Asker: 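Here you go, one structure.
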Amino acid sequence: MFKKVFVANRGEIALRIIRSCKELGLSTVIGFSEADRESIPVQLADEKICLGPAPASESYLNIPSIVGAIEITKAQAVHPGYGFLSENIQFVEICEASGIVFIGPTSKNIQLMGDKALARKTAKSCKVPVIPGYEESVLKEALAHAKKIGFPVIIKASAGGGGRGMRKVNSAEEFTKYWNTCQEEAKVSFGEGALYVEKFLERPRHIEIQLIGDKRGKIIVFPERDCSIQRRHQKLIEESPSPSVNEKLRRKLYRYAYRLAKQIKYQSTGTIEFLVDSDGRPYFIEMNTRIQVEHPITEIVSGIDLVKHQILVARGDRLNFSQKDITIKGHAIECRINAEDPLNNFMPSPGKITKLILPGGPGIRIDTHIYEGYTIPPFYDSLIVKLIAYGINRAEAIERMQRALEEIRIEGIKTTIPLYKRIFEHPTFLSGRYSTKWLENFLASESVSEQSRNAH
Ligand code: ADP
């Protein structure tokens with residue numbers, strides 16, 4: 001049984017992990033980069049150790065440095081958070097071989113699901129529907145399948161993630177033209193060039209099912225999250241439950257997610273992602289084998305602390321609740337507030353926070369590592385605050401989010417708050433009838449009206 005947990009991450013998720021560890025009576029060590037010395041998680045962990053210089057490749061992705069730091073500090077377990085090493089098979093294998101408990105799934109789980117083409121095959125093998133497509137990375141055959149499925153299709157990197165490594169193609173000519181570029185890009189970004197193909201769905205919704213499994217094979221699934229508000233395939237706003245999912249579809253998604261997790265003997269928290277087409281048909285797209293950014297909305301509607309249970313199952317504990325305990329208690333929405341300028345093509349906006357007022361009151365949860373006077377370093381992703389609003393129903397959650405967006409003040413840097421204010425007033429968002437295309441269209445129409453305003 002472990003008593004000391006090494007936190008191999010930074011920012012809000014490092015703080016989130018430290019909080020659960022403290023509640024469980026576990027001591028924490030944080031490994032940090034030189035750029036994060038002044039951060040709140042570094043101040044709040046019981047021990048701290050510098051991993052190296054600011055660039056992630058020299059600190060948060062530096063496996064020898066992290067393993068060395070775990071050994072020096074005598075931590076017995078490591079929590080990877082999300083991003084960085086959270087789905088790195090090599091790191092997990094090193095932990096497994098050296099007796100360090102990895103607070104996450106097994107390396108086998110990650111192997112089966114980390115490769116998205118292989119994950120599709122696994123889904124098919126347990127009769128979970130996938131989008132019509134082709135998994136083998138062979139140009140000639142992939143093109144023949146693309147023609148059969150019909151354009152547009154999407155070429156995806158098997159090792160891709162974070163909304164990167166995919167391209168929509170509209171014709172056979174484009175397919176041949178982009179295949180090699182996609183392969184080169186995939187090699188550079190993910191260290192591996194394998195590609196696969198899927199039919200491109202025009203107006204899908206991104207619906208995902210959170211789950212948790214313990215070492216004895218028990219799997220619990222949670223109410224869906226709708227993550228269709230995206231820019232460049234990256235999620236900006238998530239809500240649970242989805243305004244577009246009825247009980248029948250929910251049950252179907254539960255069955256698919258359960259079946260897939262059971263098939264691979266999944267242990268830990270994980271998420272099965274689906275696209276739902278305009279006729280309401282769900283298709284598996286991939287699994288994230290880690291805790292996700294948007295986990296708090298599920299914690300709110302289910303009442304289950306996911307990070308705490310993730311740690312407990314890694315320790316070998318049985319899940320002490322059952323599927324019938326999981327009901328939907330109200331409605332929760334999250335805005336990912338990024339240090340980016342929405343009026344300037346979402347350009348990153350690191351720098352010093354000169355003034356900070358955070359909202360509070362009924363139905364507001366804030367997960368953040370920032371404080372007044374804190375300088376956001378330019379080296380990492382731009383998420384600075386997860387603003388979460390909840391209420392007895394969607395209308396109340398939205399009212400509270402609108403109120404919180406009015407209250408919040410972050411000065412000194414640009415943030416995505418002004419964009420969220422506009423989204424939370426928009427009739428399409430308020431109606432709940434939006435697809436993954438909606439935000440891009442909205443941003444394009446805003447920039448057209450901006451240009452015509454400037455022209456007059
Ligand atoms: P990543 O692993 O990079 O997150 P995903 O496969 O999960 O990539 O897809 C991310 C997003 O890209 C989806 O939520 C959706 O908006 C878009 N997308 C992925 N596959 C398709 C598809 N076949 N048709 C239309 N959009 C898609």
Side-chain angles (χ1 to χ4, degrees), residues 82-83 86-88 110 112-124 128-135 142 145-146 149-170 174-175 178 182 185-186 188-192 194-210 224-239 242 244-245 253 256-257 260 270-279 281-294 336 381 383 434-443:
Y82 50 69
S86 58
E87 295 174 282
N88 183 303
I110 302 177
L112 285 172
M113 285 294 145
D115 180 311
K116 292 164 73 177
L118 179 60
R120 266 179 65 99
K121 289 187 193 167
T122 311
K124 285 203 266 189
V128 172
V130 296
I131 300 173
Y134 186 63
E135 290 90 21
H145 276 82
I149 299 161
F151 290 97
V153 298
I154 186 164
I155 302 178
K156 292 179 160 184
S158 305
R164 292 172 307 127
M166 53 186 122
R167 183 179 300 230
K168 178 184 173 189
V169 294
N170 295 303
E174 272 188 18
F175 194 95
Y178 288 134
C182 284
E185 281 170 10
V188 172
S189 306
F190 313 110
E192 199 213 287
L195 305 175
Y196 68 105
V197 176
E198 271 175 4
K199 170 99 188 143
F200 182 83
L201 302 183
E202 288 298 347
R203 280 186 173 69
R205 295 188 72 119
H206 176 117
I207 307 285
E208 56 185 37
I209 298 287
Q210 171 76 55
E224 77 285 349
R225 294 188 289 251
D226 193 320
C227 311
S228 306
I229 302 289
Q230 304 180 351
R231 178 179 170 270
R232 298 198 172 161
H233 307 308
Q234 295 193 11
K235 303 162 185 169
L236 291 182
I237 297 176
E238 302 97 350
E239 59 181 313
S242 165
S244 73
V245 170
L253 294 168
Y256 291 156
L260 202 43
T271 296
I272 312 263
E273 298 190 335
F274 299 89
L275 290 185
V276 176
D277 71 12
S278 35
D279 296 322
R281 282 186 299 243
Y283 303 93
F284 166 81
I285 48 168
E286 66 156 344
M287 178 170 192
N288 288 152
T289 53
R290 53 173 153 81
I291 191 81
Q292 281 182 299
V293 174
E294 59 272 30
R336 299 187 186 193
D381 95 23
L383 178 67
Y434 53 81
S435 74
T436 56
K437 288 290 286 184
W438 177 74
L439 183 63
E440 300 269 6
N441 290 342
F442 171 63
L443 291 169

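Whatever order the structure lists ligands and atoms in, that order sets their numbers, starting from 1. Not measured: the values here are computed from a predicted model.
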Asker: Measuring from the heavy atoms of Lys235, does anything fall under 4.0 Å of ligand 1?
Answerer: no
Asker: Which residue and atom name correspond to the protein heavy atom nearest atom 19 (C) of ligand 1, and how close is it?
Answerer: Lys156 NZ, 3.3 Å
Asker: Could a heavy atom of Glu202 be found less than 4.0 Å from some atom of ligand 1?
Answerer: no
Asker: Can you list the steps and then say if Glu273 with Lys235 is a salt bridge (Lys or Arg N to Asp or Glu O under 4.0 Å)?
Answerer: CA-CA 12 Å; Glu273 298 190 335; Lys235 303 162 185 169; 2.8 Å; yes
Asker: Taking all atoms of both residues into account, what is the closest heavy-atom pair of Phe274 and Pro282, and its distance?
Answerer: CD2-CB, 4.5 Å
Asker: Honestly, is Arg205 close enough over Tyr434, meaning NZ or CZ under 6.0 Å from the six-membered ring centre and within 45° of the axis?
Answerer: yes
Asker: Mind running salt bridge (Lys or Arg N to Asp or Glu O under 4.0 Å) on Lys168 and Glu174 for me, showing each step along the way?
Answerer: CA-CA 9 Å; Lys168 178 184 173 189; Glu174 272 188 18; over 6 Å; no
Asker: Indicate yes or no: at least one non-hydrogen side-chain atom of Glu135 is less than 4.5 angstrom from one of Lys124.
Answerer: yes
Asker: Please determine whether side chain to side chain donor-acceptor pair (under 3.5 Å) holds for the pair Thr271 and Glu208, giving the CA-CA distance in whole Å, both sets of side-chain angles, and the decisive distance to 0.1 Å.
Answerer: CA-CA 7 Å; Thr271 296; Glu208 56 185 37; 4.9 Å; no
Asker: Given His233, Gln230, Lys437, identify the one with the heavy atom nearest to atom 16 (O) of ligand 1.
Answerer: Gln230
Asker: Can you confirm, on distance only, whether ligand 1 has an N/O atom lying under 3.5 Å from any N/O atom belonging to Phe200?
Answerer: no
Asker: Given Glu208, Glu286, Arg205, Met166, which one has a non-hydrogen atom that is nearest to atom 4 (O) of ligand 1?
Answerer: Glu286
Asker: In this structure, does ligand 1 have an atom that sits under 4.0 Å from one of the heavy atoms of Lys168?
Answerer: no
Asker: Touching ligand 1 at all, Lys116? Heavy atoms, strictly under 4.0 Å?
Answerer: yes
Asker: Which residue owns the protein heavy atom closest to atom 24 (N) of ligand 1, what's the atom, and how far is it?
Answerer: Leu201 N, 2.9 Å
